[in-house]
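One structure is given here, and the rest of the page talks about it.
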Amino acid sequence: MNDNPVLVLGGTGKTGRRVARQLAERGRTARVASRSGARRFDWWDKETWAAAVEGVEAVYVVDEQGPHAAELLADFAAFATRRGVGRLVFLSARTLEQWAHDEGRFAAERAVRESGAEWTILRPTWFSQNFSEDRLLAPDVAAGEVILPDGEGVEPFIDAEDIAAVAVAALTEEGHAGELYVLSGPRLMTFPECVGLIAEAAGRKVRPVVVDREEYARHLVGRGYARDFADFMNELFDTIRDGRTAYLSDGVRRALGREPRDFRVYAAETDWEAVSAR
């Protein structure tokens with residue numbers, strides 16, 4: 001790959017801004033695009049696509065994440081490859097493996113694979129940064145009580161810094177085309193264990209509060225989420241409770257030749273005072 005800009009879609013999100021930063025640290029120009037950023041990119045406004053991909057050879061893709069995501073992604077991939085984009089790195093999710101019987105859930109990945117460009121797909125587990133940067137968990141952390149519908153199931157939380165590092169390698173190096181990297185952290189942890197490490201790192205009381213599924217749904221609805229979303233979150237927690245996510249993946253090691261970052265490192269490096277002040 002040459003020194004042309006790398007387009008980073010969702011460039012202000014948890015992974016996108018880290019991809020942009022790590023590209024800059026490598027001396028590469030990141031063209032950060034988002035719906036509300038200085039360089040506008042809107043999945044639903046195709047008039048914004050041309051300026052975003054002009055002169056670009058590689059794109060980090062975070063899709064629209066709605067019911068039409070695959071259709072829009074297929075259109076964008078065709079549009080981009082016609083204009084010279086030769087490499088797509090797509091952020092998917094390891095949760096797809098829990099619905100392997102449902103081909104519809106793989107449609108976005110299929111759109112990338114069939115784009116005609118070199119492609120790399122990333123399937124991460126739950127992000128460590130969900131505790132500090134996501135509106136689902138971070139407000140509970142700030143309040144000192146993290147409401148959970150499960151306290152026993154385990155998940156190998158992945159640091160978003162590692163997701164970004166794998167993405168940057170795939171965007172800028174040879175040897176990653178056609179790879180599916182399933183990304184996890186180095187160990188299995190319960191949500192209460194994560195909360196305990198956060199409390200230790202933050203130096204203040206933060207405790208997990210485990211409730212039943214219905215109470216958890218009511219908690220989310222009370223915070224302004226739709227009931228459908230609350231039910232979906234309970235489904236995700238069900239996969240953890242049932243042990244369906246209780247395994248490690250080797251994507252970080254395969255892509256980067258090193259072990260993934262531990263949750264304790266993430267907790268120690270996070271500014272928990274800033275999280276509480278939001």
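Just so we're clear, the structure is a prediction, and the values are computed from it rather than from any experiment.
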Can you check ring pair (Phe, Tyr, Trp, His ring centres under 6.0 Å) on F90 and Y60, steps first, answer last? CA-CA 6 Å; F90 176 54; Y60 177 65; 9.0 Å; no
Cut-off 3.5 Å, side chains only: do R28 and T172 have a donor facing an acceptor? no
Got more than 12 heavy atoms from elsewhere within 6.0 Å of CZ, R204? yes
Would you say R254's side chain and L180's backbone share a donor-acceptor pair under 3.5 angstrom? yes
As a test of understanding, state which of R258, R261, R18 forms a side-chain hydrogen bond (donor to acceptor under 3.5 Å, both in side chains) with D162. R258
Apply ring pair (Phe, Tyr, Trp, His ring centres under 6.0 Å) to F157 and F131, showing your working. CA-CA 11 Å; F157 295 87; F131 287 95; 5.7 Å; yes
Where the side chain of R17 meets the backbone of G13, is there a donor-acceptor pair that is under 3.5 Å apart? yes
Any donor-acceptor pair under 3.5 Å linking the side chain of D63 with the backbone of L73? no
Minimum heavy-atom distance between P149 and V210, given as atom pair plus value: C-CG1, 4.3 Å
Looking at V221 and R227, what are the two nearest heavy atoms and their distance? CG2-CA, 3.9 Å
Let me confirm one number: the CG-OG1 distance from L9 to T15, rounded to the nearest 0.5 Å. 10.5 Å
Check this for me: does any side-chain nitrogen of one of D238 and R213 sit under 4.0 Å from a carboxylate oxygen of the other? yes
The reported gap from CG in L148 to CG in D140 (rounded to nearest 0.5 angstrom) is 8.0 Å
Using 0.5 Å steps for rounding, measure from the CG atom of D250 to the CD atom of E259. 9.5 Å
So with a 6.0 Å cut-off around CD of E214, is the heavy-atom count from everything else above 12? yes
Given side chains that start at C-beta, do those of V154 and M189 come closer than 4.5 Å, heavy atoms only? no
How about R113: does its CZ atom have over 12 heavy atoms from other parts shown lying under 6.0 Å from it? yes
Close side-chain approach of K46 to T48, heavy-atom, < 4.5 Å: no
Quick one: are F191 and I240 in side-chain contact, heavy atoms under 4.5 Å? yes
Is the backbone N or O of L136 less than 3.5 Å from a side-chain atom of R223, with the two atoms forming a donor-acceptor pair by type? yes
Between Y181 and R253, is there a cation-pi geometry (under 6.0 Å to ring centre, at most 45° from the normal)? no
With a 4.5 Å heavy-atom cut-off, do T95 and R123 have their side chains touching? no
Within the side chain of T29, is there an N or O that forms a donor-acceptor pair under 3.5 Å with the backbone of P5? no
Find out if a path of hydrophobic residues (ILVMFWY) with successive side-chain heavy-atom gaps under 4.5 Å connects V166 to L248. no
Any chance you could measure I147, atom CD1, to H219, atom NE2, to the nearest 0.5 Å? 5.0 Å
Rounded to the nearest 0.5 Å, how far does CG of L188 lie from OG1 of T245? 7.5 Å
Is the shortest heavy-atom distance from the side chain of L183 to the side chain of T125 under 4.5 Å? no
Just by modelled atom types, is the A170 backbone N or O under 3.5 Å from a matching donor or acceptor in the R87 side chain? yes
Which atom of A77 lies closest to which atom of A111, heavy atoms considered: CB-O, 4.4 Å
Quick one, E109 with W119, criterion side chain to side chain contact (heavy atoms under 4.5 Å, CB included). Give me CA distance, side-chain angles, the key distance, then yes/no. CA-CA 10 Å; E109 287 190 1; W119 57 264; over 6 Å; no
Would a 4.5 Å heavy-atom cut-off, applied to side chains only, mark K14 and I163 as touching? no
Of the non-hydrogen atoms in A70 and A107, which two are nearest, and what is the gap between them? CB-CB, 3.5 Å
Going through the checks in order, is the ring pair (Phe, Tyr, Trp, His ring centres under 6.0 Å) test met by F237 and F232? CA-CA 9 Å; F237 274 105; F232 172 70; over 10 Å; no
If you measure from the Lys or Arg side-chain nitrogens to the Asp or Glu carboxylate oxygens, is any gap between R21 and E161 under 4.0 Å? yes
R39 side chain to S34 side chain, donor-acceptor N/O pair below 3.5 angstrom: no
Quick one: closest heavy-atom pair of P260 and P186, and the distance? CG-N, 3.6 Å
Hydrogens and angles aside, do Q129 and D159 bring a side-chain donor and acceptor to less than 3.5 Å of each other? yes
For a quick test of reading the model, state the closest non-hydrogen atom pair linking S184 to I158 and the distance between them. O-CD1, 3.3 Å
So that I know where these two stand, are Y266 and F127 an aromatic pair - ring centroids less than 6.0 Å apart? no
Evaluate the side-chain proximity of V61 to V112: yes if any heavy-atom separation is below 4.5 Å, no if none is. no
Side-chain heavy-atom pair W272, V141 within 4.5 angstrom cut-off: yes
Working to the nearest 0.5 Å, report the span between CD1 of I198 and CG of L137. 8.5 Å
Mark yes or no for whether E193, through its side chain, and T190, through its backbone, hold a donor-acceptor pair below 3.5 Å. yes
Please determine whether a side-chain nitrogen of the Lys or Arg among R40 and E47 lies less than 4.0 Å from a carboxylate oxygen of the Asp or Glu. no
Given the ring of F79, does R83 sit roughly above its face, with NZ or CZ under 6.0 Å from the centre of the six-membered ring and within 45° of the axis? yes
For W126, is there any backbone N or O sitting under 3.5 Å from a side-chain donor or acceptor partner on E155? yes
Indicate whether any N or O donor in one side chain lies under 3.5 Å from an N or O acceptor in the other, for W44 and E64. yes
Is it true that T120 and E179 share a donor-acceptor pair across their side chains at a distance under 3.5 Å? no
